[in-house]
Amino acid sequence: MKRIRFSSGSVVTGDAVAAALVEYITSVSTTEGSVPVEIPVLGDDGQTSVSTLVVGADTQIEVSAEDDLHVDHETERFPVPELPSIGLAATVESGPHAERTADDIDAMMADIDEGLGQ
């Protein structure tokens with residue numbers, strides 16, 4: 001189990017969740033802004049619940065082991081959540097103008113490539 005400390009408090013969660021959150025935060029660029037992330041946490045009563053953290057590139061957390069805290073079935077009780085996508089998201093255009101749009105993009109890329117060679 002890991003304790004995640006942040007400016008307004010702390011939560012206890014599974015090792016894999018804490019690792020995924022650290023990796024996620026360090027992958028977010030400053031242009032991404034902040035996004036809400038829901039993670040499973042251990043309450044004071046021993047029950048699992050969901051906590052929402054708002055994270056971004058400037059989020060500072062500290063993760064430490066809770067060596068004296070052991071929970072049965074940690075991976076089942078604290079699954080790694082689906083984290084929001086980072087970076088550009090692509091869409092597939094499938095309407096009647098899709099081929100023309102693709103041809104226009106190909107032509108622009110060719111113009112750029114020709115200009116770079118000069």
Side-chain angles (χ1 to χ4, degrees):
M1 299 298 294
K2 300 285 187 194
R3 179 170 299 276
I4 301 173
R5 290 180 178 80
F6 41 92
S7 61
S8 61
S10 69
V11 294
V12 175
T13 191
D15 292 357
V17 174
L21 188 61
V22 167
E23 183 176 336
Y24 181 77
I25 290 171
T26 58
S27 300
V28 175
S29 74
T30 55
T31 60
E32 298 293 327
S34 297
V35 295
V37 175
E38 294 184 341
I39 63 168
V41 297
L42 182 66
D44 293 336
D45 60 358
Q47 297 298 310
T48 305
S49 63
V50 175
S51 184
T52 302
L53 306 176
V54 178
V55 300
D58 59 347
T59 299
Q60 296 181 3
I61 63 172
E62 175 189 340
V63 178
S64 59
E66 287 289 303
D67 294 331
D68 58 340
L69 182 61
H70 299 283
V71 175
D72 291 334
H73 311 289
E74 180 180 324
T75 56
E76 291 84 22
R77 287 186 63 189
F78 301 93
V80 175
E82 181 90 16
L83 299 172
S85 297
I86 297 174
L88 298 175
T91 59
V92 177
E93 190 174 334
S94 60
H97 302 290
E99 187 172 339
R100 180 173 166 210
T101 301
D103 290 341
D104 290 345
I105 291 171
D106 288 343
M108 285 187 282
M109 294 305 296
D111 289 345
I112 291 170
D113 287 342
E114 288 175 22
L116 291 176
Q118 297 180 356

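From a predicted model like this one, the values you see are computed outputs, not experimental measurements.
- Taking CE from M1 and CD from E66, the interatomic distance works out to 8.5 Å, rounded to the nearest 0.5 Å.
- Between V11 and S51, the shortest heavy-atom distance links the atoms CG1-OG, 4.2 Å.
- A heavy-atom distance below 4.5 Å is not found between the side chains of F6 and V55.
- In terms of heavy atoms, S10 sits closest to R5 at CB-CG, 3.8 Å.
- Within 6.0 Å of atom CG in D45, more than 12 heavy atoms from other residues, nucleotides or ligands are found, so the atom counts as buried in its surroundings.
- Atom-to-atom distance recorded for I4:CD1 and I39:CD1 is 4.5 Å, nearest 0.5 angstrom.
- Side chains of E38 and P81 form no contact here, defined as non-hydrogen atoms less than 4.5 Å apart.
- In terms of modelled atom types and a separation under 3.5 Å, the side chain of T13 and the main chain of P40 share a donor-acceptor contact.
- Residues L83 and A20 share a closest heavy-atom pair of CD1-O, 3.8 Å.
- Taking all atoms of both residues into account, the shortest heavy-atom contact from G56 to I25 is O-CG2, 3.9 Å.
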List, one per line, each side-chain donor-acceptor pair under 3.5 Å for residues 68-76, sequence neighbours excluded.
{"from": "H70", "atom 1": "NE2", "to": "D67", "atom 2": "O", "distance (Å)": "3.0"}
{"from": "E74", "atom 1": "OE2", "to": "D15", "atom 2": "N", "distance (Å)": "2.7"}

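- In this structure, CE in M108 is found 11.0 Å from CG in D103, a value given to the nearest 0.5 Å.
- How far CG of L21 is from OG1 of T26: 9.5 Å, rounded to the nearest 0.5 Å.
- Residue P84 comes nearest to V37 through the heavy atom pair CD-CG2, 4.0 Å, listed as atom of the first residue, atom of the second, then distance.
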